[in-house]
Number of protein chains: 2
Amino acid sequence: MTQMNKQNVGPRTGCACCCDIGDRLKPDFFKALCDPTRIGLLIQLATSGEAQTVSQVAEQVPVDISVVSRHLAILRDAGILRVQRQGKEVRYSARYEGVVSTLRGMADAIEACCPSQAGRGTATGSIEAVQDES
Amino acid sequence: MTQMNKQNVGPRTGCACCCDIGDRLKPDFFKALCDPTRIGLLIQLATSGEAQTVSQVAEQVPVDISVVSRHLAILRDAGILRVQRQGKEVRYSARYEGVVSTLRGMADAIEACCPSQAGRGTATGSIEAVQDES
DNA sequence: CCATCATTTGCAGTATGACGCAAATGAACA
DNA sequence: TGTTCATTTGCGTCATACTGCAAATGATGG
């Protein structure tokens, strides 16, 4: 096929109400959270409440500390974690507000994009892979 | 290292308020949306408003129709798309409500998990990778 | 039954990502 | 300056994922 830009293929953002859905749904954000280990690190930092060093985080995880360092950097680059140096150690903490607002922003964008469908059906609870046909 | 279950590594879900954060943040959901092409397909179906056949979706995307079929199946398995057969063609549509409630559920879980940090700082707008130190 | 169309699946090639180990970098301290 | 500790990075290996092509499956119509 002709090589086009892989980013945003065909999201022909027609109406003004859904012009930013393509800007909200960033693959890098999902890519940062698509790994189970990284999810675990985020949960660990989120439940901890306070910043933790790379070593402290690595103690709770069955992978090498170098791998943890890389995972934390990925989450940091995605804006999910905050980092601060304290002497020779680096402390990571979760950017709750940013992650929460990012998630809500995506939800709002999708909802604004499809107003005709919003507010019908079972809109509560988490989704479960439904099979409309066996 | 000793081979533990890769799912949910170390999320030691201490308090009762954040006991479900590990259940909300599912890697499979993020994995389904971590590919730019799949994001494009979701946006295309979301902005379209109505169900589209695999061929219709594939026309808007510079990849082979077989690849599109696989991508749509992945999104369907993740509960992001709905499918319905009409004769010999298959129509996919976005499960707005499910995706929106999933995103909001994750946001709520994170927020409930870290109450001490909620409601401070710039909690509006999308996140941007900040570097607390250069 | 056979032909046709839409979709899915098998297969192989290539690319991306996770991982562990070892070496390098950076900061504090004697 | 040299040492020590925490963290990062280079590198090779292995697993997973994306892609296109071709064949198979499934449904409709002659």
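Everything quoted here is computed from the prediction, not taken from an experiment. Lettering of chains follows the sequences in order, A, B, ..., and the numbering in each one begins at 1.
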Using side-chain heavy atoms (C-beta onward) and a distance below 4.5 Å, is Asp108(A) in contact with Arg104(B)? yes
So do Leu33(A) and Leu25(B) actually touch side chain to side chain, heavy atoms under 4.5 Å? no
In short, the helix from dC1(C)-dG30(D) to dA30(C)-dT1(D) is bent end to end, axes from five pairs each side, to 10°, by 10°
Taking OP1 and OP2 of dT19(D), is either one under 4.0 Å from a side-chain nitrogen or oxygen of His71(B)? yes
State, to 0.1 Å, how close Arg38(A) and Leu75(A) come at their nearest heavy-atom pair, and which atoms those are. O-CD1, 3.8 Å
For the residue pair Pro27(A) and Pro36(B), establish whether any side-chain heavy-atom pair is separated by less than 4.5 Å. yes
Base-contact (B) and sugar-phosphate-only (S) positions in nucleotides 2-11 of chain D, heavy-atom cut-off under 4.0 Å, - elsewhere: ---BSSBBBB
Distance in angstrom units between Leu33(B) CG and dA17(D) P, rounded: 15 Å
For Gln56(B) against Ala51(B), the heavy-atom pair lying closest together: OE1-O, 4.3 Å
Side chains of Gln60(B) and Gln52(B) only: does a donor on one sit below 3.5 Å from an acceptor on the other? no
Between Thr47(A) and Cys113(B) the two heavy atoms that sit nearest each other are CG2-SG, 3.5 Å
Taking the nucleotide of DNA chain C with the nearest heavy atom to each, does Lys31(A) or Gln86(A) sit closer to the 5' end? Lys31(A)
Between P of dG17(C) and CZ of Phe30(B), the distance in whole Å: 17 Å
Without decimals, in angstroms, what is the distance between Ile39(A) CD1 and dA18(C) C1'? 15 Å
Residue pair Gln84(A) / Arg91(A), side-chain donor-acceptor N/O under 3.5 Å: no
